[in-house]
Q: 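Sending over a structure as structure tokens; questions will come in a sec.
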Amino acid sequence: MNDTMKAIHGMLCAQHNALAKKLEDETDPAKAQAILTEMQEILHRINLLQRLLFINSSSALEKMLDKITDASAALTEEIRKIGKVVDFVKGVSQFLSYVDKAIDLAKTVASKGASTGIG
């Protein structure tokens with residue numbers, strides 16, 4: 001299993017779980033809807049990533065892990081305090097923008113491995 005992809009998958013799962021927990025106590029309908037929408041976005045990335053967990057390692061992908069980790073930490077704080085829905089959505093979007101770049105790179109790595117018969 002690719003350690004980088006496993007780490008990104010773990011962060012996505014952790015954020016999805018944090019949002020599910022936050023949703024349990026949310027009483028504001030607008031915030032609850034925003035949480036549900038962002039949970040769907042994160043779940044979509046979890047599903048994509050599960051297909052890429054066993055790709056070959058890539059130094060470019062490994063370099064992306066720090067940015068994703070930082071964005072995940074920022075999102076954790078945003079989830080903890082959810083104030084304005086707009087700020088919350090921006091936090092999720094920032095995190096997912098880094099994840100999306102990693103997924104795109106991983107798909108490229110996987111396709112190169114498929115064309116050579118490895119990965």
Side-chain angles (χ1 to χ4, degrees):
M1 185 176 293
N2 182 304
D3 290 338
T4 302
M5 299 308 287
K6 183 178 176 183
I8 297 168
H9 183 263
M11 283 184 262
L12 284 165
C13 290
Q15 295 298 358
H16 190 271
N17 290 339
L19 286 171
K21 181 158 178 48
K22 190 71 170 183
L23 183 62
E24 291 175 7
D25 300 323
E26 188 55 62
T27 58
D28 181 320
K31 287 181 184 177
Q33 185 57 53
I35 290 169
L36 284 169
T37 299
E38 298 311 312
M39 286 176 70
Q40 290 172 333
E41 289 294 326
I42 290 172
L43 185 59
H44 174 65
R45 273 52 170 216
I46 289 169
N47 290 334
L48 288 172
L49 223 115
Q50 287 173 340
R51 296 183 200 126
L52 298 168
L53 284 171
F54 293 95
I55 66 166
N56 287 332
S57 185
S58 160
S59 61
L61 192 56
E62 290 169 14
K63 289 177 185 175
M64 298 179 90
L65 189 56
D66 287 340
K67 287 183 180 180
I68 295 169
T69 301
D70 291 345
S72 182
L75 179 55
T76 296
E77 180 60 23
E78 190 60 46
I79 291 170
R80 186 190 64 74
K81 67 176 183 167
I82 295 183
K84 295 180 182 176
V85 171
V86 139
D87 293 336
F88 163 67
V89 171
K90 283 181 185 177
V92 174
S93 295
Q94 181 67 38
F95 171 62
L96 291 180
S97 71
Y98 291 119
V99 170
D100 288 345
K101 288 176 186 174
I103 289 171
D104 288 343
L105 180 58
K107 289 190 295 189
T108 301
V109 170
S111 68
K112 285 181 183 177
S115 68
T116 62
I118 59 171

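The residues of the chain are indexed from 1 along the displayed sequence. This is a predicted model, so every value here is computed, not measured.
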Q: Do N2 and L53 make a side-chain contact, defined as non-hydrogen atoms from C-beta onward lying under 4.5 Å apart?
A: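 Of all side-chain heavy-atom pairs linking L53 with N2, none is under 4.5 Å.
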
Q: What are the two closest non-hydrogen atoms of Q15 and I42, and how far apart are they?
A: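 In terms of heavy atoms, the two residues are closest at CB-CD1, 4.1 Å.
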
Q: What is the distance from atom CD1 of I103 to atom NE2 of H44, rounded to the nearest 0.5 Å?
A: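 It comes to 7.5 Å.
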
Q: Nearest 0.5 Å, please: how far is OG1 in T4 from CG in L61?
A: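 Result: 5.0 Å between the selected atoms.
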
Q: Assess whether a salt bridge exists between K67 and D70, defined as any Lys/Arg side-chain N lying under 4.0 Å from an Asp/Glu carboxylate O.
A: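 Salt bridge absent between K67 and D70.
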
Q: Taking side chain as C-beta onward, heavy atoms only, is L105 less than 4.5 Å from K101?
A: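 Answer no - side chains too far apart.
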
Q: Could you tell me whether the side chain of M64 reaches within less than 4.5 Å of the side chain of Y98, counting heavy atoms only?
A: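 SC-SC contact between Y98 and M64 ruled out.
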
Q: Does a side-chain heavy-atom distance below 4.5 Å link L48 with R51?
A: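 Heavy-atom side-chain distance check passes, below 4.5 Å.
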
Q: Identify whether V109 and M1 are in the same connected component of the hydrophobic contact network (ILVMFWY, side-chain heavy atoms under 4.5 Å).
A: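 Linked, V109 and M1 end up in one cluster.
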
Q: Could you pull out the closest heavy-atom pair between A102 and I8, with the gap in Å?
A: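 A102 and I8 have their closest heavy atoms at CB-CD1, 3.8 Å.
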
Q: What's the spacing between I79 CD1 and F95 CZ if we round to 0.5 Å?
A: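 That separation rounds to 8.5 Å.
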
Q: Are any of the side-chain heavy atoms of S57 and D3 separated by less than 4.5 Å?
A: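 Not touching, per the 4.5 Å side-chain cut-off.
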
Q: Atom CD1 of I68 and atom CG of L75: how far apart are they, to the nearest 0.5 Å?
A: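 Result: 12.5 Å between the selected atoms.
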
Q: To the nearest 0.5 Å, how far apart are CG in L96 and CG in L12?
A: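 Rounded to the nearest 0.5 Å, the CG-CG separation comes to 7.0 Å.
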
Q: Taking S97 for its side chain and Q94 for its backbone only, find out whether a donor-acceptor pair lies under 3.5 Å.
A: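 Judged by distance alone, yes, a pair lies under 3.5 Å.
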
Q: Which residues pass the side-chain hydrogen bond (donor to acceptor under 3.5 Å, both in side chains) test with D100, not counting sequence neighbours?
A: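 Testing D100 for side-chain hydrogen bond (donor to acceptor under 3.5 Å, both in side chains), a comparison that skips the adjacent residues, returns R45.
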
Q: If you compare all heavy atoms of H16 against all heavy atoms of M39, which two are closest, and at what distance to 0.1 Å?
A: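 Answer, listing the atom of H16 first, then M39: CD2-O, 3.3 Å.
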
Q: Which atom names give the shortest non-hydrogen contact between A34 and V85, and what distance separates them?
A: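 Closest heavy-atom pair between A34 and V85: CB-CG1, 3.5 Å.
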
Q: Would you list the pairs meeting salt bridge (charged side-chain N to carboxylate O under 4.0 Å, His left out) in which at least one residue belongs to residues 10-27, sequence neighbours left out?
A: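 Found none.
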
Q: With a 4.5 Å heavy-atom cut-off, do I55 and L52 have their side chains touching?
A: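 Yes - at least one pair of side-chain heavy atoms lies under 4.5 Å apart.
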
Q: Quick check for you: to the nearest 0.5 Å, what is the distance between K31 atom NZ and L36 atom CG?
A: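 With rounding to 0.5 Å, NZ (K31) is 14.5 Å from CG (L36).
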
